[in-house]
Number of protein chains: 2
Amino acid sequence: MMSPMSELRPRWLSEEERAAWLALLSTTTLLPGALEGPLQQAAKLSLFDYNVLAMLSEASSRTLPMSELAARTSASLSRLSHVVKKLQGRGLVERATHADDARVTAATITAVGAELIRDLAPLHVETVRGLVFDQLDRRDVADLARIGRKIVRGMDAGHWILRTPAP
Amino acid sequence: MMSPMSELRPRWLSEEERAAWLALLSTTTLLPGALEGPLQQAAKLSLFDYNVLAMLSEASSRTLPMSELAARTSASLSRLSHVVKKLQGRGLVERATHADDARVTAATITAVGAELIRDLAPLHVETVRGLVFDQLDRRDVADLARIGRKIVRGMDAGHWILRTPAP
DNA sequence: TATCTTTAGTTGTAGCTTCAAGTAAAAATC
DNA sequence: GATTTTTACTTGAAGCTACAACTAAAGATA
């Protein structure tokens, strides 16, 4: 389903597009590891582990169905299932079958897990600030939100982050 | 080395920062998989495999030292070494010890590898356009380049993409 | 109400990434 | 010129992710 080569849809990218593309690719390659380092050191948690726990700790009643948790962490159900199993083994979350619909598993953060996230949050916020927001001015932050949401929308028009209107 | 809580450096993020943060995190989580799908289907190549081969094919004499290739793909030498070994096993690259400095290994794309990338490039460009640039207007593209370069600069001030001046 | 389809999640496995440790050559220091 | 340090990788193993196949419950259809 490829369009033919034409001036309107050129084969490669313009100079501006290439600069943006390389910057985006480098960012997506480097940022996760840079964000994870401190979490790994402090608590042997991956960035994804942290996000799973953070999403649960922010949820009302500290519980979410696996599907909803997968949506909020942009993960497949398979990936999430493996990780929640691991976190359960560490005593940070629990799993329970939903009463009304036995297909649904609800994950709940434990007191230990909640305490861990509470203790880790300041460190993680500092990492995020240091790597991202300290590098950007106010206009950049607004632009980043706008652009990021557009890219996410292109991949998943119903993505969780789009439920909240743009600020 | 954490700063104390204060109004100047608040504990969590502002509403604008949170929107930008969630958009960035979702993008870095979803985009690599979305970019990789077509490459995986068409040629059993990961996105990183593709980038390695693409960087080699763009290099003069189709050869780069492992360190330079690692820099251009934002990868660790370890990661690159494993992947180049695999690609060598598939006949897509070759490795040779540098004559002047025996510590240096130079990776070279083979004719087969170069042909593969040439054939795959239009597909990949279409994927990149569809996922990224079709979602953005001209201003977004300029903003993305500017913001991405700032974030990369914060992680690695000497990063390869910064050698090229901003357009 | 029996069957079919869809939804929600789990599991096994292959392959990829990271980390720590190791090798060997070159450069620096003594 | 002998030792030490640094540079440029390579390697093995542990853990993570993606994919395909599977289970089981709920909803739809007949």
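A, B, ... follow the sequence lines: proteins, then strands. Residue 1 opens every chain.
Across the protein-nucleic acid pair, A:L80 atom CG and C:dT10 atom P stand 8 Å apart, rounded to whole Å. Note: CG (B:L64) to P (D:dC9) measures 11 Å, nearest angstrom. Atom CE of A:M66 and atom P of C:dT7 are 18 Å apart (whole Å). One interatomic measurement links the two molecules: CG of B:L87 to P of C:dT17, which rounds to 11 Å at whole-angstrom precision.
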For nucleotides 26-28 of chain D, tabulate all protein N/O to nucleotide N/O atom pairs closer than 3.5 Å, reporting atom names and distance.
from: D:dA26; atom 1: OP1; to: A:A102; atom 2: N; distance (Å): 3.3
from: D:dA26; atom 1: O4'; to: A:R103; atom 2: NE; distance (Å): 3.3

N/O contacts under 3.5 Å, protein versus nucleotides 12-19 of chain D?
from: D:dG12; atom 1: O6; to: B:H82; atom 2: NE2; distance (Å): 2.8
from: D:dC16; atom 1: OP1; to: A:K86; atom 2: NZ; distance (Å): 3.3
from: D:dT17; atom 1: OP1; to: A:R79; atom 2: NE; distance (Å): 3.3
from: D:dT17; atom 1: OP1; to: A:R79; atom 2: NH2; distance (Å): 2.5
from: D:dA18; atom 1: N6; to: A:H82; atom 2: NE2; distance (Å): 3.1
from: D:dC19; atom 1: N4; to: A:S78; atom 2: OG; distance (Å): 2.6

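Under 4.0 Å is where a charged nitrogen must lie from a carboxylate oxygen, and between B:D137 and B:R139 no such pair does. Using a cut-off of 4.0 Å between Lys/Arg side-chain N and Asp/Glu carboxylate O, A:E68 and A:R163 are scored as salt-bridged. A:E16 and B:R146 are not joined by a salt bridge, as no carboxylate oxygen comes within less than 4.0 angstrom of a charged side-chain nitrogen. A salt bridge is absent between A:K44 and A:D49: the closest approach of a Lys/Arg side-chain nitrogen to an acidic carboxylate oxygen does not fall below 4.0 angstrom.
For the ring pair (Phe, Tyr, Trp, His ring centres under 6.0 Å) condition, the pairs that include at least one residue of residues 110-136 of chain A, sequence neighbours left out, are A:Y50-A:H124.
Dashed line: the shortest gap from a side-chain N or O of A:S81 to OP1 or OP2 of C:dT11 is not under 4.0 Å.
The CD atom of A:E17 lies 12.0 Å from the CG atom of A:L22; values are rounded to the nearest 0.5 Å.
A:S74 and A:H159 share a donor-acceptor pair across their side chains, judged by distance under 3.5 Å alone.
A donor-acceptor contact shorter than 3.5 Å is absent between the side chain of B:Q88 and the backbone of B:E94.
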